Number of protein chains: 2
Amino acid sequence: MVSSVDVAKLAGVSQATVSRVLNNPEKVNAPTLEKVKAAIQQLNYRPNAAARSLISRKSGIIALFCGQLDEPDNAEFANKAVMNAQQKGYTVEIHIQNPDKPESVFDAILDTQAEGIMMGPLIIKGTAVEYLKTSGIPYIFCGSGGGQEGITVGMDNHAAGKLAAEYISSLEPETVGWLGGDPSDLRLQERYQGFVEAMKESGVRIVKVTGDLEDIELPFTAMMAQKQRPDVIVAATDSFGIFALDFLYDYGYAVPEDVAVLGIGNSRQSAMNYLSLSSIGLPDDMDMVAEAFDRLSAMIENNGQGSRGSADVNPVVYERRTTKTY
Amino acid sequence: MVSSVDVAKLAGVSQATVSRVLNNPEKVNAPTLEKVKAAIQQLNYRPNAAARSLISRKSGIIALFCGQLDEPDNAEFANKAVMNAQQKGYTVEIHIQNPDKPESVFDAILDTQAEGIMMGPLIIKGTAVEYLKTSGIPYIFCGSGGGQEGITVGMDNHAAGKLAAEYISSLEPETVGWLGGDPSDLRLQERYQGFVEAMKESGVRIVKVTGDLEDIELPFTAMMAQKQRPDVIVAATDSFGIFALDFLYDYGYAVPEDVAVLGIGNSRQSAMNYLSLSSIGLPDDMDMVAEAFDRLSAMIENNGQGSRGSADVNPVVYERRTTKTY
DNA sequence: TTGTAGGCGTTATCAA
DNA sequence: TTGATAACGCCTACAA
């Protein structure tokens with residue numbers, strides 16, 4: 001590894017001068033500047049980030065935690081988050097949750113040298129919040145429903161469930177099927193809670209199936225095999241909604257005539273013409289991630305002292321062809 | 001920030017002992033071990049990664065470069081890459097290419113302290129390869145078609161184009177439309193090259209449209225407005241294929257009766273029942289990313305001396321409903 | 001088994 | 001305008 005000392009030797013100056021060339025070029029004479037720059041070029045010198053951050057106490061790193069990127073929602077989120085961070089000059093360290101051992105990803109919180117932590121859409125366990133608190137690093141939840149535990153920016157999941165219930169009431173269903181995800185996912189719990197609470201009044205029958213996307217086929221098949229099968233399906237996320245669409249297509253159902261389907265999340269995919277999945281989501285003009293990022297970087301700059309408090313956004317209905325015939 | 005010196009003071013030992021507890025606990029007496037551990041707990045001490053890697057000359061970081069994650073192919077790739085790296089104990093630093101200034105992402109190559117660089121699916125410019133070479137960091141291309149310039153693991157893009165041509169010949173088209181992406185994307189160029197070369201013999205008319213996914217609608221509309229419009233469309237990536245499907249649906253075409261569509265990439269989405277996009281892709285049993293990662297970590301461990309040479313894989317056809325009626 | 005001390009590559013504060 | 005020099009937090013001989 002070539003260090004600034006090597007550069008100094010070659011240029012015939014002191015190491016301090018090399019450092020100056022790098023950080024305060026205006027404070028060094030033109031001729032020396034050239035000499036040093038030449039030496040840097042020649043040796044292909046690159047300052048050591050570790051040494052730098054050792055002294056500056058700044059890593060320039062943001063840690064991003066999120067769920068698997070093969071879920072389009074998560075990918076879309078991660079993309080926005082990374083682009084935002086890059087644009088602000090941060091480097092992003094990404095940590096993806098393994099569904100088989102969801103806790104293990106949080107160990108990274110203990111080791112990371114990041115200046116800020118962005119908790120994206122993933123399954124939050126208690127340890128996570130605990131680790132976050134003790135880490136002393138500014139953090140923010142965005143779309144993960146960290147809930148009361150910290151700063152949150154995201155869709156109000158409870159309201160989303162409620163809105164789903166209100167909307168499908170207009171469809172006058174006899175039996176409603178809830179197609180959920182991992183039951184330990186707080187976001188989905190909240191959605192379901194809001195949903196049942198709002199449904200309670202109507203007295204409509206609710207059947208529920210939960211599980212990972214990979215393991216949902218069997219229980220869902222069982223749900224559809226019942227005599228009183230649902231004529232409206234509310235999916236905890238758009239991915240499950242798409243799964244349902246796929247399934248219904250395969251089994252010969254007409255959507256929405258036989259069974260209507262409503263997703264939650266309003267992912268980009270759901271809006272595509274060939275899918276046209278009705279969904280509950282954030283208003284179009286809202287960029288949650290950017291909002292969260294602004295808050296996070298403010299916290300970093302203010303030395304961890306940010307405006308605590310959550311900023312949950314009320315969702316709206318995107319009515320498409322899986323709930324309505326035109 | 002609490003340092004190992006603080007821990008040492010509290011535990012009444014030397015800083016060296018604290019270090020030992022962290023790295024060689026077996027070399028320290030049980031009672032002192034406990035004392036130190038207690039102090040660590042109490043102060044919530046976390047070793048400083050910068051200081052560590054300054055000495056060890058290891059960052060434990062892999063830098064991942066890829067295209068926008070709202071493209072499912074890229075997201076799927078990034079996911080696999082990150083999961084692989086995490087499982088091997090690396091932290092992943094992710095760099096996403098901004099389509100508006102594709103070059104700028106490569107600046108990160110100059111600054112990164114990563115031990116290895118994985119170049120995923122993105123648009124490679126000359127500077128990238130140059131930077132990579134001078135960085136001295138082991139790197140590998142995976143699905144980005146870095147071509148001759150380094151180690152590559154990925155689909156043989158030229159062969160993919162050729163295979164597309166051969167396959168659609170069986171559809172006996174009169175006019176074939178090529179729906180391409182960014183013309184400066186090497187991968188797509190290679191695909192197109194292989195395609196035209198193989199088509200040349202048949203003498204079938206080829207029309208071509210390129211551009212970003214956002215800007216493709218107008219030129220594509222123009223293409224379809226021509227008197228001799230294509231009856232088969234080959235898309236440079238599945239995303240464009242899906243776009244075409246969406247468009248055709250909207251404009252009242254029957255697929256594949258009026259127009260057949262073939263994608264390249266065999267993304268997960270393309271296989272979904274509701275889409276069922278025929279596509280050219282890697283054999284199912286092949287995990288490119290894992291392969292690439294194994295090579296990369298081998299290079300890192302062997303101090304940059306890996307087995308140079310590319311490992312391009314021959315693609316196969318996945319025939320689905322957009323090219324064939326059952 | 002433990003402590004002392006030197007150094008990793010920078011930055012930053014002084015003198016010169 | 002430049003050059004010594006002391007940190008930054010940690011690891012690791014070497015000595016005790």
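Just so it is clear, the model here is predicted, and its values are computed rather than measured. Letters A, B, ... are given to chains in the order of the sequence lines, protein chains preceding strands, and every chain is numbered from 1.
Map A:Ala16 and B:Gly12 each onto its nearest nucleotide of DNA chain C; the residue landing nearer the 5' end is B:Gly12.
Atom pair B:Asn48:CG and D:dG9:P shows a separation of 7 Å (rounding to whole Å applied). Distance B:Gln15 CD to C:dA5 C1': 11 Å, rounded to the nearest Å. Residue B:Leu54 contributes atom CG, which lies 17 Å from atom P of D:dA7 at whole-angstrom precision. A straight line from CD of A:Gln113 to P of D:dC8 spans 16 Å, rounded to a whole angstrom. Taking atom NZ of residue A:Lys27 and atom C1' of nucleotide D:dT2, one finds them 12 Å apart after rounding to whole Å. Between A:Ile40 atom CD1 and C:dT10 atom C1' the separation is 13 Å, expressed in whole Å. Computed from coordinates, the A:Asn24 CG to D:dT1 P distance equals 12 Å when rounded to whole Å. Atom NZ of B:Lys58 and atom P of D:dT12 are 11 Å apart (whole Å).
Of the candidate nucleotides D:dC11, C:dC8, D:dT2, D:dT2 has the atom lying nearest to any side-chain atom of A:Thr32. Side-chain atoms of A:Ser14 lie closest to D:dA4 of the nucleotides C:dG9, D:dA4, C:dC8. The side chain of A:Asn29 has D:dT2 as its nearest neighbour among D:dT2, D:dG3, D:dC11. For A:Asn23, taking side-chain heavy atoms from C-beta onward, the closest of the listed nucleotides D:dC11, C:dT2, C:dT11 is C:dT11. Of the candidates C:dT11, D:dG9, D:dT2, C:dT11 carries the atom nearest the A:Ile55 side chain, counting heavy atoms from C-beta on.
B:Val18 comes within 4.0 angstrom of no nucleic acid atom, judged by non-hydrogen atoms across all strands. At the heavy-atom level, B:Val13 lies under 4.0 Å from the strands shown only through sugar-phosphate atoms.
Neither OP1 nor OP2 of C:dG9 sits under 4.0 Å from any side-chain N or O of A:Ser4. OP1 and OP2 of C:dT10 both lie 4.0 Å or more from every side-chain N or O belonging to A:Ser19. OP1 or OP2 of D:dC11 has not a single side-chain nitrogen or oxygen of B:Arg57 nearer than 4.0 Å.
Of the possible polar contacts, one joining the A:Asn74 side chain to the A:Gln68 backbone as a donor-acceptor pair under 3.5 Å is found.
If you check the side chains of B:Glu103 and B:Thr127, you find a donor sitting under 3.5 Å from an acceptor. Inspection of the B:Gln113 and B:Ser53 side chains reveals no N or O donor paired with an N or O acceptor under 3.5 Å.
Side chain B:Arg20 to base C:dG3: a donor-acceptor pair is found below 3.5 Å.
B:Asp111 and A:Arg52 are not joined by a salt bridge, as no carboxylate oxygen comes within less than 4.0 angstrom of a charged side-chain nitrogen.
The number of heavy atoms from other shown groups lying within 6.0 Å of NZ (B:Lys58) does not exceed 12.
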